[in-house]
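A quick write-up on the structure given underneath.
Atoms within a ligand are numbered from 1 in the order they appear, just like the ligands themselves.
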Amino acid sequence: MKLRKRMVQRMINKTAFITGTTGQDGSYLAEFLLDKGYKVYGLIRRSSVDTTERIAHFQNHPNFELVEGDITDASCMNRLISGIQPSEIYNLAAMSHVGTSFDQPITTCQIDAIGPLNILEAIRQSSPKSKFYQASTSELFGDTDVSPQSESTPMNPNSPYAVAKLYAHQLTGLYRRAYGIFACAGILFNHESPRRGEAFVTRKITKYVASLQRWMDTNDGTPRKDVDVCPLFLGNIEARRDWSHAKDMVRGMWMMMQCPEPDDYVLGSGETHSVKDFLQAAFGTIGLDYKDYISIDPKFYRPADVNLLHADPSKAKEILGWETTICFGELVDMMTQSDYGAEIECRV
Ligand code: NDP
Ligand code: GDP
């Protein structure tokens, strides 16, 4: 009992600094850490519009504080990290859309490669006791023939996003070896939720399905493509991904940071599904066939794509005791239901 009390006390004294707090993962991670009693500083970048939709429900929590800044600004990162002296830093900020990285390669490089360098340098110079988490990605493996993919699978990135993320991934390992910084990289496979950005394929599909359901609520019969509804335009629907829920992933990030030694870990479900499978599951929730509603638009093909991602999370399971708790079917249901709720809310 005494030990438990001491452990809880230690938790309460912890301070976390999260970059990318306004994003999908940052919002779940902040909630998770606040629940554990952390003082959480969340980085927010200046914007002409409000970007706090995902964090609005806990923005006034007494242990939560937003600090303004941009990870591409080294002086800003140094000032914030040296002032806060966080116990744990989670670098989740990124230009996170693979397709967009082909159109904005320089911005992607500045945010996804130089951004983490700025943070690691700030730690090295001003807060060497801070632990560091880097949001690495399964995109590092590129269009590989190896399946499933583990920490030792060769990395051949196939997009400007993945190339920039590989720089940050390697840098994380280097700062660990060279300077003894507690730096971990989570090689996370795709993870989704009702808070997933709307340009990602899963959310694009669940939003469309919710709008069909809404149409059926107010009309008699089933909607006809091109007559009652616009088609859902998609690109490569043969691609396979290992999809999990973001809540499982943020728990894994935290578990890595509580280990005695820093290391890199693959987090994923260990199951792979195609975009077609996702379509079938999402349209299945409302009893319709996706083939009647989609159109393939070359605009959504990428100059180079990654066709098969399939995680081997055995290291995380063995060392961290981590595994996913929300399966593919539940994830699809949650996302379609949430989008359907939002449809109703915005049309009443
Ligand atoms: P999101 O796109 O939802 O969130 C990205 C966040 O980064 C936003 O809060 C955004 O702020 C912020 N950001 C972008 N540029 C800057 C900048 N220059 N300075 C400060 N903040 C910035 O991503 P996710 O939550 O889905 O992903 C979190 C991390 O995990 C990312 O690094 C992503 O690349 C990585 N990852 C994600 C996977 C996934 O499937 N979700 C898989 C593997 C890795 P704003 O609100 O202003 O745009
Ligand atoms: P990613 O794995 O991080 O690139 O996540 P996305 O959700 O953006 O894409 C997953 C896969 O779906 C990729 O292989 C895309 O090429 C494919 N895809 C097919 N159609 C679309 C589309 O309309 N939008 C997006 N974002 N991806 C699509």
Output yes when Glu238 and Lys276 qualify as a salt bridge under the 4.0 Å nitrogen-oxygen rule, no when they do not.
-> yes
protein heavy-atom neighbour closest to atom 3 (O) of ligand 2 works out as Val98 CG2, 3.7 Å
Do Lys131 and Glu261 meet the salt-bridge criterion of a basic N to acidic O distance under 4.0 Å?
-> no
Proximity of Asn307 to ligand 2 by residue part, where a heavy atom lies under 4.0 Å | neither
Hey, does Arg196 sit under 4.0 Å from ligand 1 if you only count heavy atoms?
-> yes
When you look at Glu139 and Lys165, which way does the salt bridge (charged side-chain N to carboxylate O under 4.0 Å, His left out) test go after all the steps?
-> CA-CA 8 Å; Glu139 290 286 325; Lys165 283 280 187 179; over 6 Å; no
May I ask you to check if ligand 1 and His191 share an N or O to N or O distance below 3.5 Å?
-> yes
Closest approach of His191 and Gln24, non-hydrogen atoms and distance?
-> O-NE2, 3.1 Å
What atoms in ligand 2 come closer than 4.0 Å to a heavy atom of Phe300?
-> 23 (O)
Counting heavy atoms only, which part of Lys165 comes closer than 4.0 Å to ligand 1: side chain, backbone, both or neither?
-> side chain
Under 4.0 Å from ligand 1, counting heavy atoms only, is it the side chain of Ser47, its backbone, both or neither?
-> neither
The atoms of ligand 2 lying under 4.0 Å from a heavy atom of Glu139, numbered in the order shown, are 1 (P), 2 (O), 3 (O), 4 (O)
Ignoring hydrogens and angles, state whether a donor on the side chain of Thr272 or His310 is under 3.5 Å from an acceptor on the partner side chain.
-> no
What distance separates Leu174 CG from Arg176 CZ, expressed to the nearest 0.5 Å?
-> 10.0 Å
Is any N or O atom of Phe189, backbone or side chain, closer than 3.5 Å to an N or O atom of ligand 1?
-> no
Quick one: look up the protein heavy atom nearest atom 9 (O) of ligand 2 and list residue, atom name and how far away it is.
-> Arg302 NH2, 3.6 Å
Ligand 1 atoms in contact with Thr137 (distance to a heavy atom under 4.0 Å) | 43 (C), 44 (C)
Side chains of His57 and Gln59, donor plus acceptor under 3.5 Å | no
Considering only the protein, which heavy-atom contact is closest to atom 21 (N) of ligand 1, and what is its distance?
-> Ala93 CB, 3.5 Å
Closest to atom 5 (C) of ligand 1 by heavy-atom distance, out of Ala94, Ala199, Ala164, is Ala94
Record the part of Leu234 in heavy-atom contact with ligand 2 below 4.0 Å; permitted values are side chain, backbone, both and neither.
-> both
Give the single entry among Asp242, Asn236, Asp305 that approaches atom 16 (O) of ligand 2 most closely by any heavy atom.
-> Asp305
If you have a sec, work out which protein heavy atom is nearest atom 11 (C) of ligand 2 and how many Å separate them, to one decimal?
-> Arg241 NH2, 3.9 Å
Test the Lys39-Tyr41 pair against the cation-pi criterion, namely NZ or CZ under 6.0 angstrom from the six-membered ring centroid and within 45° of the ring axis.
-> yes
Should you measure from each heavy atom of Tyr161, which atoms of ligand 1 turn up under 4.0 Å away?
-> 33 (C), 34 (O), 35 (C), 36 (N), 44 (C)
Is it the side chain (CB and beyond), the backbone, both or neither of Arg195 that lies under 4.0 Å from ligand 1, heavy atoms counted?
-> neither
Any Leu188 heavy atom less than 4.0 Å to ligand 1 | yes
Would you kindly specify which portion of Phe200 sits under 4.0 Å from ligand 1, judged on non-hydrogen atoms: side chain, backbone, both or neither?
-> neither
With the threshold set at 4.0 Å, does a side-chain nitrogen-carboxylate oxygen contact exist between Lys317 and Glu323?
-> yes
At the 4.0 Å heavy-atom cut-off, does Ser136 count as touching ligand 1?
-> yes
Do Met257 and Tyr90 come close enough that some side-chain heavy atom pair is under 4.5 Å?
-> yes
Scan side-chain atoms only and decide if Thr72 and Gln110 contain a donor-acceptor pair under the 3.5 Å cut-off.
-> no
Nearest to atom 1 (P) of ligand 2, what protein heavy atom do you find, and at what distance?
-> Asn190 ND2, 3.6 Å
Should you measure from each heavy atom of Val275, which atoms of ligand 2 turn up under 4.0 Å away?
-> 12 (O)
Distance, nearest 0.5 Å, that separates CD1 of Ile187 from CG of Asp312 | 11.0 Å
Kindly indicate, with the supporting measurements, whether the criterion side chain to side chain donor-acceptor pair (under 3.5 Å) is fulfilled by Gln213 and Asp217.
-> CA-CA 6 Å; Gln213 169 76 75; Asp217 288 348; 3.2 Å; yes
Could you tell me if the ring centre of Phe64 sits under 6.0 Å from that of Phe58?
-> yes
Of Gly99, Ala199, Ser101, which has the heavy atom at the shortest distance from atom 24 (N) of ligand 2?
-> Ala199
For Asp248 and Thr324, test the side chains for any donor-to-acceptor distance below 3.5 angstrom and give the result as yes or no.
-> no
What atoms in ligand 1 come closer than 4.0 Å to a heavy atom of Gly20?
-> 6 (C), 7 (O), 9 (O), 12 (C)
Atoms of ligand 1, numbered as shown, that sit under 4.0 Å from any heavy atom of Asn190 = 40 (O)
Can you find a non-hydrogen atom of Arg203 under 4.0 Å from ligand 2?
-> no
If you measure every N/O of Ser138 against every N/O of ligand 1, is any gap under 3.5 Å?
-> no
Assess Lys225 against Tyr293: is NZ or CZ under 6.0 Å from the centre of the six-membered ring, and within 45 degrees of the ring's axis?
-> no
With backbone taken as N, CA, C and O and side chain as the heavy atoms from C-beta onward, which portion of Arg45 lies under 4.0 Å from ligand 1: side chain, backbone, both, or neither?
-> side chain
Using 4.0 Å as the upper bound for N to carboxylate O, is an ion pair formed by Asp70 and Arg79?
-> no
What residue and heavy atom of the protein are closest to atom 20 (N) of ligand 2, and at what distance?
-> Gly235 N, 2.8 Å
Any idea which part of Ile111 is under 4.0 Å from ligand 1, heavy-atom wise: side chain, backbone, both or neither?
-> side chain
Of all the atoms in ligand 2, which lie at a distance below 4.0 Å from a heavy atom belonging to Ala239?
-> 14 (O)
Heavy atom of the protein closest to atom 23 (O) of ligand 2 (residue, atom name, distance) = Lys204 NZ, 2.6 Å
Could Asp264 and Lys315 be called an ion pair, given the rule that one side-chain N must be under 4.0 Å from one carboxylate O?
-> no
Taking the minimum heavy-atom distance to atom 29 (C) of ligand 1, which of Leu92, Leu140, Asp70, Ile44 ranks first?
-> Leu92
Location of contacts on Ser96 toward ligand 2, heavy atoms closer than 4.0 Å = neither
Would you kindly specify which portion of Val201 sits under 4.0 Å from ligand 2, judged on non-hydrogen atoms: side chain, backbone, both or neither?
-> both
For Ala135, the ligand 1 atoms whose distance to one of its heavy atoms is below 4.0 Å | 29 (C), 30 (O), 32 (O), 35 (C)
Are the charged groups of Glu88 and Lys14 less than 4.0 angstrom apart, N to O?
-> yes
Taking the six-membered ring of Phe200, is the NZ or CZ of Arg203 close enough (under 6.0 Å from the centre) and on axis enough (within 45°)?
-> no
Interfacing atoms of ligand 1 (cut-off 4.0 Å, heavy-atom, Thr22) | 8 (C), 9 (O), 11 (O), 45 (P), 46 (O)
